[in-house]
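Worksheet for the structure shown next.
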Amino acid sequence: MSEPISVTRTVGHGTAKLMPDVDRERAWLLTVDGAPQSYVDLDEPTHLEFEYARRLGHVLDVVAERGAPLDAVHLGGGAFTLPRYLAATRPGSVQHVVEVDRGLLDLVAGELPLPAGAGITLHAADARAWLEAAPDDSADVLVADVFGGSRVPAHLTSVAYVREAARVLRPGGVYLANLADAAPFAFLRSQLATLGTRFGELALIAEPGVLRGRRFGNAVLAGADHPLDIAGLSRASAADAFPARVEHGAALRDFMAGARPVRDEDAVPSPAPPAGAFGIG
């Protein structure tokens with residue numbers, strides 16, 4: 001059998017590259033303009049290589065009874081890592097993946113095809129426009145992992161956007177977002193305040209070093225209208241190879257104190273990562 005080879009293609013928002021992992025058969029890393037976007041193991045879809053993906057996975061594990069199917073929306077396609085994970089851990093789930101870059105969508109779907117019967121539908125569309133057209137109360141979970149290059153687009157950071165996300169979620173649904181920031185966390189704090197306009201329960205999962213301001217890094221935000229399984233999330237996050245902390249309640253309110261929700265007219269993209277962060281530069 002021939003060895004897998006890298007695939008490089010110009011897509012709508014840069015140069016995408018799929019590179020095989022020499023240590024895991026049929027595992028691939030997706031980069032766009034050199035920035036790592038996704039990692040997927042086609043033979044072991046429950047393997048989540050990236051730390052932020054594992055943290056999102058921990059939340060997905062506790063949002064409903066283990067193994068129960070979910071109706072899920074994923075804003076941002078990547079290599080469909082989390083949709084594959086949900087299809088494996090919650091068979092029968094109905095999932096929609098929304099990716100604005102059709103070229104990227106076609107590349108991944110063509111080179112790393114989804115398993116037959118996975119229940120995953122792909123949409124080449126802007127995330128907010130697709131969300132605005134989606135029916136009320138149609139999803140159990142909504143995962144936002146959208147980066148234009150290495151920054152979250154401004155129109156996915158506002159109260160109006162969060163209002164649409166909350167509308168699409170059913171009562172008891174959970175909103176998840178992968179964001180990135182560094183001290184003094186102006187962006188992250190504003191996003192918590194923005195989520196707080198529609199969700200009464202908030203949680204933040206990140207490495208202690210990031211929270212202490214030592215480096216730029218990812219943070220997973222969760223929003224819901226009901227109590228989250230903080231104990232379960234804390235155990236799972238602490239057990240990772242790179243342990244993370246779950247902030248919630250009074251500590252999280254202190255963290256976001258004074259932050260204001262973002263209006264559309266004031267919205268800006270997330271901060272650009274410094275050179276060297278996430279393999280950039």
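Values below: all heavy atoms of this structure, side chains included; hydrogens, waters and symmetry mates excluded.
- Rounding to the nearest 0.5 angstrom, the gap separating the CG atom in D140 from the CG atom in L70 is 5.0 Å.
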### W130 vs V73, side chain to side chain contact (heavy atoms under 4.5 Å, CB included): CA-CA, chis, key distance, verdict
CA-CA 10 Å; W130 190 93; V73 172; 3.7 Å; yes
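- A 6.0 Å sphere centred on CZ of R260 holds no more than 12 heavy atoms belonging to other residues, nucleotides or ligands.
- Using a cutoff of 4.0 Å between basic side-chain nitrogens and carboxylate oxygens, R26 and D41 are not scored as salt-bridged.
- Note that the CE atom of M19 and the CG atom of D21 stand 10.0 Å from one another [nearest 0.5 Å].
- In terms of modelled atom types and a separation under 3.5 Å, the side chain of R128 and the main chain of E164 share no donor-acceptor contact.
- Between the R84 side chain and the A79 main chain, a donor and an acceptor come within less than 3.5 Å of each other.
- Once rounded to the nearest 0.5 Å, the distance linking OG1 of T194 with CG of L156 reads 12.0 Å.
- For the residue pair H123 and E99, no side-chain donor N or O sits within less than 3.5 Å of a side-chain acceptor on the partner.
- A tilted orientation is assigned to the rings of Y39 and F50, their planes being inclined by 30° to 60°.
- Under the 3.5 Å distance criterion, the side-chain polar atoms of D33 are left unmatched by any main-chain donor or acceptor of G14.
- Checked for salt-bridge contact, R24 and E44 meet the test: a charged N lies under 4.0 Å from a carboxylate O.
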### Task
Kindly determine whether R215 and E207 satisfy side chain to side chain contact (heavy atoms under 4.5 Å, CB included), including the steps that lead there.
CA-CA 10 Å; R215 65 180 183 85; E207 280 189 41; 2.9 Å; yes
### Task
Start with the C-alpha distance between E247 and S234, add both sets of side-chain angles, then the distance that settles side chain to side chain contact (heavy atoms under 4.5 Å, CB included), and finish with yes or no.
CA-CA 9 Å; E247 296 286 2; S234 297; over 6 Å; no
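- Note that the CG atom of L204 and the CZ atom of F185 stand 8.5 Å from one another [nearest 0.5 Å].
- If you chain together hydrophobic residues whose side chains sit under 4.5 Å apart, V159 and L195 never meet in one group.
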### Derivation and outcome, side chain to side chain contact (heavy atoms under 4.5 Å, CB included), residues L169 and D137
CA-CA 5 Å; L169 284 169; D137 302 331; over 6 Å; no
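- A continuous path of hydrophobic side-chain contacts links I120 to W28 [ILVMFWY only; heavy atoms under 4.5 Å].
- L252 has its side chain within reach of L192: a pair of non-hydrogen atoms, C-beta onward, lies under 4.5 Å apart.
- The backbone N or O of H13 lies less than 3.5 Å from a partner atom in the side chain of D101, making a donor-acceptor pair.
- Note that CD of E132 is 8.0 Å distant from CZ of R167, once rounded to the nearest 0.5 Å.
- Nearest heavy-atom pair across V210 and G217 is CG2-CA, 3.9 Å.
- Within 6.0 Å of CD on E65 lie no more than 12 heavy atoms contributed by other residues, nucleotides or ligands.
- Ionic pairing of R54 and E51 is not present here: no N-O contact between side-chain nitrogen and carboxylate oxygen is shorter than 4.0 angstrom.
- When the side chains of ILVMFWY residues are joined at heavy-atom separations under 4.5 Å, either directly or via intervening members, L82 and V98 end up in two distinct hydrophobic clusters.
- Placement of L179 and L202 within a single hydrophobic cluster is found when ILVMFWY residues are connected by side-chain heavy-atom separations under 4.5 Å, directly or transitively.
- The OG atom of S150 sits 7.5 Å away from atom CZ of F216, with the distance rounded to the nearest 0.5 Å.
- Between the side chains of D126 and H155, at least one donor-acceptor pair of N or O atoms lies under 3.5 Å.
- In this structure, a donor-acceptor pair under 3.5 Å is absent between the side chains of D264 and Y161.
- In summary, R263 and D266 engage in a salt bridge, as defined by a charged side-chain N under 4.0 Å from a carboxylate O.
- In summary, the side chains of Y175 and D225 do not present any donor paired with an acceptor at a separation below 3.5 Å, with no hydrogens or angles considered.
- D240 and H58 form a side-chain donor-acceptor contact under 3.5 Å, judged by distance and modelled atom types alone.
- In this structure, D181 contributes its side chain and L188 its backbone to a donor-acceptor pair below 3.5 Å.
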